[in-house]
Amino acid sequence: MKRILVTGGLGFIGSHTVVELQNEGFEVVIIDNLSNTSIGVLDKITEITGKKPTFYQIDLRKKEEVKNFFDTNKIDGIIHFAAFKAVGESMQKPLDYYENNIGSLVYLLEEMRDRKLDYFIFSSSCTVYGQADELPITEKAPVKKAESVYGNTKQIGEEIIKDACKAYNLNSIALRYFNPIGAHPSIKIGELPIGIPQNLIPYVTQTAAGIRKELSVFGDDYDTEDGTAVRDYIHVLDLAKAHIAALKRLINKTNKENFEFFNVGTGKGSSVLDVIKTFEKITGEPLNYKIVGRREGDITAAYADTTIANKELNWKTEKTLEEALEAAWKWQQQNKS
Ligand code: UFG
């Protein structure tokens with residue numbers, strides 16, 4: 001049985017991936033510093049899977065602690081989620097972002113090299129494409145200059161992994177996520193935004209729950225069908241399964257290069273108004289929203305061409321936008337604050 005380290009394993013995407021790993025028979029060890037989640041998630045994972053993953057509260061910026069961890073734990077591969085992820089905050093605190101997102105990545109890769117570990121899956125983002133010239137976005141689309149420090153940490157992260165794979169003969173897959181949303185069907189784990197949500201779906205659900213007065217729709221003058229910006233919203237469970245598929249590709253040695261990257265989306269674009277309409281259908285209530293100006297740094301449209309990921313990873317999304325929004329809404333109703 002392979003023993004997989006999941007960093008950031010108590011976060012939104014991490015926790016769903018831990019559940020899927022355990023369901024697939026992997027043994028999971030989680031490292032999380034609890035900077036953006038709570039320890040209660042560990043019990044929820046245990047409730048869902050019937051098995052408690054091993055957990056260490058370690059900050060990956062502490063090199064000695066990371067070393068100690070690997071000295072005392074036998075690990076076969078790593079799925080690396082732990083990172084700061086707020087676009088706006090990254091512009092205010094660039095050095096925190098570089099230290100956390102890049103520093104911890106380098107330390108983990110050093111351990112991979114020194115201990116000859118075989119598999120490394122990295123959380124990347126469609127933000128590396130910026131506003132792509134052609135839609136849907138294929139993996140062949142060029143990486144554009146990052147709009148944010150956060151985006152830059154993903155681009156630099158991929159470069160570092162690529163160089164390390166080449167020099168030390170490691171194997172890695174970066175998954176370029178589009179917009180992950182939703183919650184586990186058990187409604188035991190989901191997204192827990194701290195403070196005022198920056199992302200669309202938690203803002204929508206909090207508005208419907210009466211926690212926020214009204215949703216601001218950022219811009220209706222984009223060059224899209226209804227004027228609002230278009231994104232590819234993927235159910236977090238489908239996204240979690242993409243990690244299992246990527247891990248199996250490395251375990252079975254069916255990867256074609258040392259370092260590969262894949263788009264992980266549904267292939268379907270939805271506008272902000274599409275999301276609102278679908279959500280209103282689910283709740284049966286009108287959502288309180290108003291159109292305001294564009295948000296700085298936002299792109300017009302991004303959705304994935306998933307042909308390569310579907311074929312190479314032998315994976316495809318199974319859930320619809322409706323299912324994802326329904327899960328997000330149930331999750332919201334259960335977490336009143
Ligand atoms: N939006 C609103 N109102 C809100 C929040 C969002 O209208 O209150 C709109 C945005 O303008 C955008 C869409 O909803 O058009 C989606 O916004 P999100 O913030 O949910 O997602 P983004 O696509 O902006 O962000 C995602 C990831 C980031 C990544 C970024 C790169 O969450 O990790 O893409 O552009 F960096």
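Residues: numbered from 1 along the sequence shown. Indexing begins at 1, ligand by ligand and atom by atom, following the structure's order. Note that these values count all heavy atoms, side chains included, but never hydrogens, waters or copies made by symmetry.
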Distance to 0.1 Å, residue and atom name: give those for the protein heavy atom nearest to atom 9 (C) of ligand 1.
V272 CG2, 3.9 Å

Ligand 1 to V87, heavy atom cutoff 4.0 Å, flagged ligand atoms 36 (F)

Give me the nearest non-hydrogen protein atom to atom 11 (O) of ligand 1 as residue plus atom name, then the distance to 0.1 Å.
D298 OD2, 2.5 Å

With a heavy-atom distance limit of 4.0 Å, tell me whether I201 approaches ligand 1 through its side chain, its backbone, both, or neither.
neither

Could you check whether any side-chain N or O of W331 sits under 3.5 Å from a backbone N or O of E191, counting only pairs where one atom can act as donor and the other as acceptor?
yes

With heavy atoms and a 4.0 Å threshold, my read on which part of Y233 contacts ligand 1 is side chain

Give a yes or no answer on whether the side chain of S15 reaches the backbone of L10 with a donor-acceptor pair at less than 3.5 Å.
no

Heavy-atom nearest neighbour in the protein, as seen from atom 18 (P) of ligand 1, with distance rounded to 0.1 Å
N199 ND2, 3.4 Å

For V272, does its backbone N or O pair with a side-chain atom of T228 as donor and acceptor, under 3.5 Å?
yes

Where ligand 1 meets A229 - atom numbers and elements under 4.0 angstrom, heavy-atom basis:
15 (O)

At what distance is the nearest protein heavy atom to atom 29 (C) of ligand 1, and which residue and atom is it?
Y150 CE2, 3.8 Å

Looking at Q198, which atoms of ligand 1 are within less than 4.0 Å of one of its heavy atoms?
5 (C), 19 (O)

Ring centres of H243 and Y177 under 6.0 Å apart?
yes

Looking at residues at least two apart in the chain, or sitting in another chain, which of them share a side-chain contact (heavy atoms from CB on, under 4.5 Å) with I299?
Q131, R231, A302

Of the listed options (Y289, Y222, F218), which comes nearest to atom 5 (C) of ligand 1 when hydrogens are ignored and any heavy atom counts?
F218

L135 vs I137 side-chain heavy atoms within contact, under 4.5 Å
yes

Interfacing atoms of ligand 1 (cut-off 4.0 Å, heavy-atom, V217):
7 (O)

Identify the protein heavy atom lying closest to atom 24 (O) of ligand 1, giving its residue, its atom name and the separation to 0.1 Å.
R295 NH2, 2.9 Å

Please classify the S216 to ligand 1 contact at 4.0 Å (heavy-atom distances, strictly less than): side chain, backbone, both or neither.
backbone

Which residue supplies the protein heavy atom nearest to atom 35 (O) of ligand 1, what is that atom called, and how far is it?
T127 OG1, 4.0 Å

Could you check atom 21 (O) of ligand 1 against the protein and tell me its nearest heavy-atom contact, residue, atom and distance included?
N179 ND2, 3.1 Å

of all protein heavy atoms, closest to atom 20 (O) of ligand 1 is L200 N, 2.8 Å

Please identify which of these residues, I251, L170, N255, meets the side chain to side chain contact (heavy atoms under 4.5 Å, CB included) condition with Y119.
I251

Mind jotting down which residue pairs meet the ring-ring contact (aromatic ring centres under 6.0 Å, His included) criterion with at least one end in residues 220-239? Sequence neighbours excluded, please.
none

Would you say S125 has any N or O atom under 3.5 Å from an N or O of ligand 1, going by distance alone?
no

Could you say whether the N/O atoms of K85 and ligand 1 ever approach to under 3.5 Å?
no

Taking the six-membered ring of Y168 as reference, does the cationic atom of K116 (NZ for Lys, CZ for Arg) lie under 6.0 Å from its centre and within 45° of its axis?
no

Donor-acceptor check, side chain of E260 to backbone of K256, threshold 3.5 angstrom: yes or no?
yes

Side chains of E322 and T278, donor plus acceptor under 3.5 Å:
no

